[in-house]
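Input: a single structure, listed below in structure tokens.
Residue numbering restarts at 1 for every chain, and letters A, B, ... go by the order of the sequence lines. As a basis for the values below, the full set of heavy atoms in this structure was taken, side chains included, without hydrogen atoms, waters or symmetry mates.
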Amino acid sequence: MPELAEVEYYRRQWLPALGETVSRTHIRPSARVFRNTAPDRIPAAVEGHDFREALAHGKQMLFRFGDDAWLLIRLGMAGKLERGDPAMVPAKHDHLVLFTAKHALAFNDYRMFGSTTLVESAKLPDFWRNLPPMPHEPGFTRDHVGTFLRRRAKAPVKAVLLIQERFPGIGNWMADEVLWRARIHPAYPAGRILGRKLSDLHRSLREVTEDALRVIAPDWSDPPDDWLFNHRWRDGGTCPATGKPLRRETIGGRTTCYSPAHQKWPPGLRRASMDGGT
DNA sequence: CCCCATGTTCGACA
DNA sequence: GTGTCGAACATGGG
């Protein structure tokens with residue numbers, strides 16, 4: 001489920017336990033989510049230490065315990081963070097659970113595309129300090145977007161928006177929402193988005209990110225019906241802007257939903273394989 | 001049984 | 001180097 005806004009929601013699930021001491025851990029060391037780390041080290045690294053920081057950036061989270069233990073968590077396709085009471089009994093897919101006097105903090109992921117990594121460091125890990133700006137942050141400028149689109153000039157813009165090194169936190173549904181709001185065809189070559197269209201795309205990235213955070217992060221509210229979101233997977237879904245039918249296609253390897261009437265293919269360039277559709 | 005899924009990575013190939 | 005495609009990972013839902 002998790003893109004930037006859902007990740008922020010999950011980070012907040014663990015937040016009430018900040019300042020509490022980890023007294024006990026439950027771990028399923030054979031779970032694939034530990035493939036990048038040594039799970040045996042986790043209990044000793046966090047038990048007896050206080051839960052000190054909870055950070056989120058794009059699709060990843062970083063939690064600090066005591067002076068020098070950090071847990072990096074990526075949720076993959078189906079991962080979740082949950083908070084229960086200390087008597088909570090770990091279920092089948094609760095691969096990591098941290099117990100304090102008042103809470104149980106669980107990392108649950110039945111598909112195990114997610115992962116967690118123990119980082120033992122007295123300071124914020126370097127890779128975290130060097131992360132690219134998220135779309136709602138000040139460094140995320142129009143030029144920042146334009147430069148990257150030119151570097152991937154021939155790729156469909158939809159595929160480019162999914163690249164985390166430049167668009168941290170943008171996933172499949174947010175990318176579709178962004179393009180729909182900016183009225184850009186998802187298969188259009190990234191390098192041909194210039195001038196006013198580039199401004200539209202940049203603005204849409206900021207707005208969708210800010211709106212998604214506002215709506216989803218506090219309590220996982222449903223987005224309003226004037227977003228593409230509520231219409232995108234329903235068979236026979238219609239565009240909230242035009243009332244015309246939505247279309248689903250695989251673009252950049254992912255199922256993509258767009259509104260052909262709203263996101264027209266600009267004149268002057270033919271689509272590579274499929275017909276343009278206006 | 002079939003297909004699909006809000007993700008990432010890797011190898012093969014043009 | 002660019003870009004595309006399919007497979008793999010593991011599980012559940014329709």
*Rounded to the Å, how far apart are Arg254(A) CZ and dC5(C) P?*
15 Å
*asked:* Students often mix this up, so state it plainly: with edges at 30° and 60°, are the rings of Phe65(A) and Phe51(A) parallel, tilted or perpendicular?
replied: parallel
_Which nucleotide wins on minimum distance to the side chain of Met77(A), given the candidates dG7(B), dC4(B), dG3(C)?_
dG7(B)
*Sequence-distant partners of Arg196(A), side chain to side chain donor-acceptor pair (under 3.5 Å), two or more places apart*: none
*Arg24(A) atom CZ, over 12 foreign heavy atoms within 6.0 Å*: no
*Lys92(A): salt bridge (Lys or Arg N to Asp or Glu O under 4.0 Å) partners, not counting sequence neighbours*: none
*Whole angstrom value for the distance that separates C1' of dG7(B) from CE of Met174(A)*: 15 Å
*Residues that His144(A) engages under ring-ring contact (aromatic ring centres under 6.0 Å, His included), provided they are two or more places apart*: Phe140(A)
_Partner set under salt bridge (Lys or Arg N to Asp or Glu O under 4.0 Å) for Arg41(A), not counting sequence neighbours_ = Glu120(A)
*asked:* Can you measure Lys59(A) atom NZ to dT8(B) atom C1' for me and round it to whole angstrom units?
replied: 9 Å
*Using a 4.0 Å heavy-atom cut-off across all strands, classify Arg152(A) as base, sugar-phosphate, or nothing.*
sugar-phosphate
*What residues, two or more places apart in sequence or in another chain, satisfy side chain to side chain donor-acceptor pair (under 3.5 Å) together with Arg206(A)?*
none
Show me the donor-acceptor pairs within less than 3.5 Å that the side chains of residues 152-159 of chain A make with the rest of the protein, sequence neighbours left out.
unit_1	atom_1	unit_2	atom_2	d
Lys158(A)	NZ	Asn172(A)	OD1	2.7
Lys158(A)	NZ	Asp176(A)	OD1	2.8
Lys158(A)	NZ	Thr256(A)	OG1	2.8

_Going by salt bridge (Lys or Arg N to Asp or Glu O under 4.0 Å), name the residues that satisfy it together with Arg64(A), two or more places apart in sequence or in a different chain._
Glu53(A)
_For Arg52(A), salt bridge (Lys or Arg N to Asp or Glu O under 4.0 Å) partners two or more places apart_ = Asp50(A), Asp67(A)
*Please check the phosphate of dC4(B) (OP1 and OP2 only) for any side-chain N or O of Thr255(A) closer than 4.0 Å.*
no
_Stem list, DNA chain B (Watson-Crick or G-U pairing under 3.5 Å, at least 3 consecutive pairs)_ = B:2-5 with C:11-14, B:7-14 with C:2-9
*Return the value, rounded to whole Å, for the distance between atom CG of Leu149(A) and atom C1' of dT2(C).*
16 Å
*Between Glu6(A) (CD) and dG7(B) (P), how many Å, whole number?*
9 Å
Show me the donor-acceptor pairs within less than 3.5 Å that the side chains of residues 239-246 of chain A make with the rest of the protein, sequence neighbours left out.
unit_1	atom_1	unit_2	atom_2	d
Thr242(A)	OG1	Lys244(A)	N	3.1

*In whole angstrom, give the distance that lies between atom CZ of Arg74(A) and atom C1' of dT9(B).*
12 Å
*P atoms of dT8(B) and dG1(C), separation to the nearest Å*: 23 Å
*Members of residues 153-164 of chain A that approach DNA chain C, where some heavy atom sits under 4.0 Å away*: Ala153(A), Lys154(A), Ala155(A), Pro156(A)
*Rounded to the Å, how far apart are Lys80(A) NZ and dA5(B) C1'?*
14 Å
*asked:* Check this for me: does any side-chain nitrogen of one of Asp143(A) and Arg150(A) sit under 4.0 Å from a carboxylate oxygen of the other?
replied: no
Close N/O contacts between protein and nucleotides 9-13 of chain C (under 3.5 Å):
unit_1	atom_1	unit_2	atom_2	d
dC9(C)	O3'	Arg32(A)	NE	3.4
dA10(C)	O4'	Arg111(A)	O	2.9
dA10(C)	N1	Arg111(A)	NE	3.3
dA10(C)	N1	Arg111(A)	NH2	2.5
dA10(C)	N3	Arg111(A)	NE	3.2
dG12(C)	OP1	His93(A)	NE2	3.4

*Could you tell me the separation between the OH atom of Tyr188(A) and the P atom of dG3(C), rounded to a whole number of Å?*
16 Å
